Amino acid sequence: MNVRTFLVGVVGMSALVAAGASAQEMTERFIPIGQSPGLSGKHTVIGKIQAVNARDQTVAIVAPAGAWNAKVTDRTKIWLDRSSLRQPNLKGTFADLRPGATVEVKPEGRQAGASGGPAEWIKVQVSASP
Amino acid sequence: MYKRAAMIGVLVISLAGIGLSGCKMAPPPDRQSQLIAKGRDLFFNETFAGNGRTCGTCHPAENNFTIDAAFIATLPKDNPLFVAEFNPALKENFENPALMREFGLIQENLDGFDDLKNKFVMRGVPHVLALRTSVQSPAGPRTGWSGDGAPGDGSLRSFATGAVIQHFTKTLNRVPGVDFRLPTDEELDAMEAFQLSLGRQQDLVLPLRLKGTVPKRGQAIFLDNKLGKCNLCHVNAGATANFGGGTLGNANFNTGVEDLPDQPARLTGKAVPRDDGFRSPGDRTFNVPPLVEAADSGPFFHNNAIETIEGAVAFYDGDSFNNSPAGAALKKADPRGVGIELDGTQIVAIAAFLRVINTLENIRQSIELLEASRAAAASEEKRRNLDRVIRETQDSIRVLEGGGLHPDAVAHLQEARRQTEKAARSVFFSRKHTGEAIREQKAARAFLAE
């Protein structure tokens with residue numbers, strides 16, 4: 001294996017090395033808002049939806065740390081957190097994002113300090129009707 | 001009669017004195033030790049208000065923190081591992097008891113919980129040894145077979161939360177506070193500390209000065225980037241990759257394991273969907289496991305497809321690997337255009353090397369545990385350490401004998417086991433037998449490596 005072919009191999013093999021975040025999304029769905037280990041309170045935004053823009057697929061959130069604009073992409077997972085009702089959490093859709101709802105948003109990557117961006121997942125709290 | 005009774009009394013007091021003189025006062029545990037002890041207790045005893053399973057159900061200390069069909073066969077029918085066999089709420093779509101009992105496979109819903117009947121994968125249980133050396137990568141922590149085993153931040157600390165949701169639930173609704181409770185931050189801290197304390201804390205530095213002819217040749221092939229090529233992805237027989245441009249940490253590769261023909265679980269005719277590995281939908285890559293711990297913790301690969309260490313090495317000589325993306329990259333980098341091409345003797349030699357380094361690690365751990373048992377203040381801790389030494393030593397014997405390796409070392413390991421058993425039984429001479437066991441372990445090690 002000479003240097004050149006080795007480098008070709010290095011490049012080839014490196015392309016196979018999966019990069020990026022490695023959290024397991026499927027069990028995340030069952031974790032109530034604010035309880036995601038290592039994320040909630042550090043790398044997520046928890047607040048109330050102030051406005052929804054269906055055309056842009058964006059959601060404006062008011063959080064204690066300030067306003068945050070979440071972009072919903074085709075990669076974004078939306079889950080309905082019904083744990084306070086002692087009911088199983090469900091998959092949701094953009095239509096479940098309504099003003100006034102409490103949500104937790106995980107931005108793609110770790111964009112601490114940014115004022116918005118694509119969301120990796122959004123949990124929407126579902127409470128009992130008053 | 002009084003004289004006889006008095007003599008017996010003196011004898012008893014003297015023996016007790018010998019026993020007591022052998023006991024050293026252990027220093028009070030530091031904060032980290034306390035955290036590890038708390039994590040151990042949680043790992044083995046905490047059910048998180050779920051179906052009765054604990055982390056130790058699938059990662060028992062007495063079986064190298066993993067389970068296989070042979071171990072499973074020793075468990076009673078009401079062991080919580082078999083919860084799908086006696087809990088009606090978990091009878092369907094939670095586990096496949098037949099595949100669990102025959103191949104040690106566990107059901108997981110890594111691509112979602114929306115279609116439990118059809119969307120699942122069957123995976124073996126990876127051991128949790130040497131995690132300090134095998135989880136980190138520049139792209140973040142890699143946990144589980146496909147590197148994405150933990151929710152939240154994907155860290156080892158968060159892993160338990162996902163495991164509780166997947167494996168501990170009372171019903172398939174998986175409602176926190178109803179079907180289980182989620183671990184608290186303090187519990188996650190403790191369980192992470194415990195898991196990180198298990199096994200090797202650092203990688204080997206190869207080559208070792210091995211004494212056996214065949215293992216020595218196996219090590220040379222392992223390290224030869226033109227022949228075995230093993231060290232590219234398993235640097236120092238660990239779980240990190242390095243292709244010459246610096247460490248890539250713990251990485252994922254598509255090595256074609258899913259393309260193996262005649263996979264045992266699929267031969268049963270039961271539905272075993274293809275496992276697409278990392279992420280959802282998956283990219284077909286799987287995580288690199290450490291090899292030092294391999295020889296006594298099979299079956300091998302994420303799907304328990306291969307039972308023996310020789311078979312696991314032979315996999316890399318086969319079509320499934322050499323036609324995979326990882327195999328193709330090796331071919332491209334090879335002046336002869338071959339991926340990995342080994343003959344039978346070379347496969348056995350690499351396996352012999354892996355058997356020997358596994359035994360060396362078992363001996364290292366055994367000596368550490370024997371020394372810890374001598375210093376242990378609590379009899380329970382001493383007993384637990386000695387029990388593990390007995391298991392580790394049995395593994396060492398099995399691993400060497402299985403490869404026809406080092407009968408001289410095996411004889412010393414058998415004596416080490418006997419001495420450890422005596423130490424576990426003895427009230428007054430435990431320290432003496434423990435010391436003998438340490439000497440025998442060291443004598444065995446001297447036959448394996450300089």
Side-chain angles (χ1 to χ4, degrees), chain A residues 1-44 74-75 77 79-92 104 106 109-110 112 120-121 123 126, chain B residues 109-114 137-144 147-155 157-158 160-163 165-166 172-178 182-183 185 188 225-226 232-233 241 243-245 248 251-254 277-280 283 285 325-326 328-330 332-335:
Chain A
M1 193 183 291
N2 61 36
V3 175
R4 188 173 163 276
T5 50
F6 184 75
L7 282 173
V8 170
V10 169
V11 173
M13 294 274 291
S14 296
L16 302 172
V17 177
S22 52
Q24 213 263 76
E25 284 192 340
M26 295 309 148
T27 48
E28 185 68 50
R29 160 177 158 180
F30 298 97
I31 302 173
I33 285 176
Q35 295 184 37
S36 186
L39 286 184
S40 295
K42 294 178 188 166
H43 303 289
T44 63
D74 53 1
R75 297 181 301 277
K77 309 274 194 312
W79 296 304
L80 307 181
D81 176 7
R82 307 196 301 169
S83 55
S84 63
L85 304 175
R86 299 170 73 83
Q87 295 288 317
N89 292 355
L90 299 173
K91 259 185 172 176
E104 179 172 19
K106 163 71 174 60
R110 290 189 176 180
E120 189 176 319
W121 52 254
K123 293 176 185 174
V126 180
Chain B
N109 303 93
L110 299 174
D111 284 330
F113 292 82
D114 303 320
S137 84
R142 299 280 191 224
T143 62
D148 57 351
D153 60 1
S155 66
R157 180 180 176 277
S158 300
T161 298
I165 293 167
Q166 174 75 60
L172 299 180
N173 288 331
R174 293 186 162 90
V175 181
V178 177
L182 293 175
D185 281 341
L188 292 177
N225 288 341
K226 295 175 187 167
L232 291 169
C233 293
F243 307 142
L248 293 167
N252 271 30
F253 298 99
N254 180 353
F278 185 67
R279 288 184 179 154
S280 178
D283 65 2
T285 68
L330 283 181
K332 203 172 170 186
D334 189 289

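None of these values were measured; they are calculated from a predicted model. Every chain is numbered from 1, with letters handed out A, B, ... down the list of sequences. Heavy atoms only: backbone and side chains are in, while hydrogens, waters and symmetry mates are out.
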**Prompt:** So which part of A/Q87 gets closer than 4.5 Å to some heavy atom of chain B, the side chain, the backbone, both or neither?
**Reply:** backbone

**Spacing of OG1 belonging to A/T44 relative to CG belonging to B/D153, to within rounding of 0.5 Å** = 11.0 Å

**Request:** Determine, for A/R29 against B/D114, whether the closest basic-nitrogen to carboxylate-oxygen distance falls under 4.0 angstrom.
**Result:** yes

**Request:** Could you list the residues that satisfy salt bridge (Lys or Arg N to Asp or Glu O under 4.0 Å) with B/D185, not counting sequence neighbours?
**Result:** B/R157

**Prompt:** Looking at B/P176, B/G277, B/S280, which makes the most heavy-atom pairs under 4.5 Å with chain A?
**Reply:** B/P176

**Message:** With chain A as the partner, which of B/G149, B/A328, B/G144 has the greatest number of non-hydrogen pairs under 4.5 Å?
**Reply:** B/G149

**A/R86 and B/V178, any side-chain heavy atoms less than 4.5 Å apart** = yes

**Asked** Roughly how far, to the nearest 0.5 Å, is the CZ atom of A/R82 from the CG atom of B/N173?
**Response** 9.0 Å

**Complete:** Honestly, the part of B/S155 sitting under 4.5 Å from a heavy atom of chain A is neither

**Request:** Taking the side chain as every heavy atom from C-beta outward, state whether A/T27 and B/T161 have any pair of such atoms under 4.5 Å apart.
**Result:** no

**Request:** Please check if the side chain of A/Q24 supplies one atom and the backbone of B/G162 the other of a donor-acceptor pair under 3.5 Å.
**Result:** no

**Message:** Test your reading of the model: is there a side-chain donor-acceptor pair from B/S158 to the backbone of A/P37, 3.5 Å cut-off?
**Reply:** yes

**Prompt:** With respect to chain A, which residue among B/L188, B/N109, B/D111 yields the maximal number of heavy-atom pairs within a distance under 4.5 Å?
**Reply:** B/D111

**Complete:** In short, A/P32 meets B/L182 closest at the heavy-atom pair CD-CD1, 3.6 Å

**Asked** Most heavy-atom pairs under 4.5 angstrom with chain B, which of A/Q35, A/E25, A/E28?
**Response** A/E28

